[in-house]
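I have placed the structure first, in the form of C-alpha cells, so that the comments after it can refer back to it.
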There are 2 protein chains.
Amino acid sequence: MAQKETARSILDAAEELFSERGFAETSLRNITTKADVNLAAVNYHFGSKKALIQAVFARFLTPFVAELDTALNDWTKNKDADPTDLMALLRLLSDTALRSGAERPERLRIFMRLLGLAYSQGQGHLRRFIRVEYGQVFRRYSELLSEATPELSHEDRFWRFHFMLGATMFTLNGVDSLSAMAEHDLGKATTTPDVIEQLLPFLASGLQSPVGS
Amino acid sequence: MAQKETARSILDAAEELFSERGFAETSLRNITTKADVNLAAVNYHFGSKKALIQAVFARFLTPFVAELDTALNDWTKNKDADPTDLMALLRLLSDTALRSGAERPERLRIFMRLLGLAYSQGQGHLRRFIRVEYGQVFRRYSELLSEATPELSHEDRFWRFHFMLGATMFTLNGVDSLSAMAEHDLGKATTTPDVIEQLLPFLASGLQSPVGS
DNA sequence: AAACGTTTTAAACGTATGTTTGAAACACTT
DNA sequence: AAGTGTTTCAAACATACGTTTAAAACGTTT
C-alpha cells in the first residue's frame, strides 16, 4: 500500500514548490525530483498537472471548509452570542484557519500564498474548481458578516468586504517576507497569529468606517 | 523612423497580454502576433523577454513617479496644509495615479494588475528593478504617511501600511471583475474613481483604528 | 545612384515542458 | 509458487518556448 505514500510526497513537494515559485514556473520534473519519485507518477496518480494543482488545493480546503462549517453551526445555534459582534465573527474565521488540519501555522502561510497565486495567475480552472467545490460555505459566512454589519448599505458592504479580503490575502500571502522586514525594522519577531491580531482591528474599523456620501 | 513604432506596438501588446495572463503565460509569439511584428523584433529592440517586462513597467512608472515627486514637493512646501490630514495625503496619491500619463483610468487598471503580478509571480528581477529605480519616491511618501499618523507606534504603523497596500492592490488588481460583480449584484455601474472613493475612507479608518492592548 | 548603417524577415537552434509508452518490479490472492 | 492487478521506471514523444542567425529590405547620407 505504498502508492498512497507516493501521492502524498508528490502533494508535499508540489504545494511547497508551487507556493514558492508559482504554478507555471514549477515543472513536473521539479516536483518529482523533490518528491524523489518517477516523473510519470504525477500523470499516473493525478492524471495531469491541472488535476495535481486542484488536488493540492483540495487537501487544504476540504478539512478547512468542514471545520468552518461546524463552527458556523455553533455560531448560529448559540443564541447567547451577539450576531452583530463583528470582531468575534472575524476571530471565528481566523481561529478556524489557524487551527485547520491541527498543523503548524506554517501551513497557513503556504495555503494563503497558494490562494493568492490562484487569484493572480491565470488558472481560471482553479478559481472555477474552488467556487464550485467550496463556494457554499463562504457564501454562508458572507451572510453572517452581513448580519454583523446592519448599518451598511448593500453597496458599501460589497466593496468593504473586498477591501477586507484584499488586506488579508495580501498580508498573509507575503507574511514571511513582511515578518522578516518587521524583524529587521523593529527588532521583534512576529508570528502569523501576531499578524492576524494586528489585522483584525484594522479590518473591523475599516468595515465600520462612518459612511459619507 | 518607423523603428519607434515597432517598439511601441510591442509594448502596447505586451502590457495588455501580460496584464491578462501573466508573464510566464504570455509568449513572445503571442506578443509579436498581436503587435503584428516579427518575432525577432523583441530581442532586437529590447534584448530579452526580461528586459521587455522591465520596459513595460518603466513606461508606466517613470512618468507616474515624476508626477508624484512634484506633487510631494507641493505638499511639503505648502505650509498652510495640515501634515496630519491623512485623507488629503491619500487623495494626493490616488489623484496622481489617476491622472498619470493623462490617459484614461482604464490604464490604471492594467497598471495595477501588472504591479500585482510583479509581486505574486516570481519575477525577483522585477521587484529588484522597481525598488532600485523608483524606491526613493515611495520611501518619501511613506515618511509623509508617518507624519500624518503620529499617534501610531512604529509597529502598528508598519503593519497597517501593509494592510492598506494589500486592500488597494487587491481591489484595483481585480477592479474589472469586481465592478462586473457589483453591477450584477447592485445594478449600478462603478468606475475606477468610484471604487477609490469607496476605498479611501476604509483605509483611513483602518489606519486610525484605536490601538488596543 | 551608390554606399552605409539600421531594421525587418523567415528559418533554424537548443532547450524545456507535459504527456505517453511498454516493459519491469511489486504486492497480494489463490 | 503461479497468476493477477497495480505501481514504478527509463525512455521517448510531440510541442512550445526564448533566442540566434544571415540574408533581405529599408532609409539616410554622400
Side-chain angles (χ1 to χ4, degrees), chain A residues 1-59 114 117-118 121-126 128-129, chain B residues 1-59 114 117-118 121-126 128-129:
Chain A
M1 204 100 13
Q3 76 278 16
K4 295 279 175 190
E5 179 66 19
T6 300
R8 198 190 51 75
S9 58
I10 288 176
L11 287 172
D12 287 344
E15 80 175 26
E16 195 162 328
L17 290 176
F18 283 154
S19 79
E20 287 170 3
R21 332 205 302 219
F23 303 112
E25 295 82 356
T26 303
S27 71
L28 295 185
R29 284 167 177 83
N30 294 149
I31 294 169
T32 53
T33 299
K34 172 158 190 153
D36 199 38
V37 302
N38 187 271
L39 167 62
V42 170
N43 286 279
Y44 177 78
H45 285 279
F46 298 95
S48 69
K49 187 181 182 181
K50 275 188 184 179
L52 170 62
I53 294 176
Q54 294 180 358
V56 166
F57 275 81
R59 190 167 64 145
L114 290 173
L117 286 171
Q121 308 214 182
Q123 307 300 342
H125 72 97
L126 230 186
R128 214 171 310 123
F129 169 76
Chain B
M1 206 60 71
Q3 74 277 15
K4 294 281 176 190
E5 178 65 20
T6 299
R8 198 190 51 74
S9 59
I10 288 175
L11 286 172
D12 287 344
E15 83 177 25
E16 194 162 329
L17 289 176
F18 283 154
S19 80
E20 287 170 2
R21 332 207 296 221
F23 302 112
E25 294 82 356
T26 303
S27 71
L28 295 187
R29 284 168 177 83
N30 294 151
I31 295 169
T32 52
T33 299
K34 173 159 191 153
D36 199 38
V37 301
N38 188 273
L39 167 62
V42 170
N43 287 279
Y44 177 77
H45 286 281
F46 298 95
S48 70
K49 187 182 182 180
K50 275 188 184 181
L52 171 63
I53 295 176
Q54 294 180 359
V56 166
F57 275 80
R59 190 165 67 143
L114 290 173
L117 287 171
Q121 310 217 179
Q123 307 302 338
H125 72 98
L126 231 187
R128 216 173 307 122
F129 170 76

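Numbers restart at 1 for each chain; the letters A, B, ... are given by sequence-line order, proteins then strands. In this text, all values refer to a predicted model and were calculated from it rather than measured experimentally.
Residue-level contact check: A:Thr26 touches the backbone only, with heavy atoms under 4.0 Å from sugar-phosphate atoms and none from bases. Among the heavy atoms of the strands lying under 4.0 Å from B:Ala40 is at least one base atom, whether or not backbone atoms are also near.
In this structure, CZ of B:Arg29 is placed 11 Å from P of D:dT19, rounded to the nearest angstrom. Between the CD atom of A:Glu5 and the P atom of D:dT8 there is a distance of 10 Å, rounded to whole Å. Between B:Asn43 atom CG and C:dT9 atom P the separation is 15 Å, expressed in whole Å. Rounded to whole angstrom, the span from the CD atom of A:Glu25 across to the P atom of C:dG18 amounts to 11 Å. C:dT8 atom C1' lies 12 Å from atom CG of B:Asp36, rounded to whole Å. The distance from atom NE2 of B:His125 to atom P of D:dG18 is 12 Å, rounded to the nearest whole Å. Whole-Å rounding puts the B:Phe46 CZ to D:dT20 C1' distance at 18 Å. Rounding to whole angstrom units, CG of residue B:Leu28 and C1' of C:dG14 are separated by 16 Å.
A side-chain donor-acceptor contact under 3.5 Å links A:Ser19 to the backbone of A:Glu16. For B:Asn43 (side chain) and B:Ala40 (main-chain N/O), no donor-acceptor pair under 3.5 Å exists by modelled atom type.
The side chain of B:Asn38 lies closest to C:dT8, out of C:dT19, C:dT8, D:dG18. Out of D:dT8, C:dT17, C:dT7, the shortest distance to the side chain of A:Tyr44 is found at D:dT8.
At the phosphate of D:dA16, neither OP1 nor OP2 sits under 4.0 Å from any side-chain N or O atom of B:Ser27. A sub-4.0 Å separation between OP1 or OP2 of D:dT8 and a side-chain N or O of A:Thr6 is present. Regarding contacts with the backbone of C:dT8, a side-chain N or O of B:His45 is found under 4.0 angstrom from either OP1 or OP2.
Residues A:Ser48 and B:Ala41 each lie close to DNA chain C; by heavy-atom proximity, the contact nearer the 5' end of the strand is made by B:Ala41.
The side-chain heavy atoms of B:Leu126 and B:Phe23, taken from C-beta on, include a pair separated by under 4.5 Å. At a threshold of 4.5 Å between non-hydrogen side-chain atoms, the residues B:Lys49 and B:Val42 do not count as touching.
Of the candidates B:Asp12, B:Thr33, B:Ile31, B:Val56, B:Ile31 is the only one forming a side chain to side chain contact (heavy atoms under 4.5 Å, CB included) with B:Leu17.
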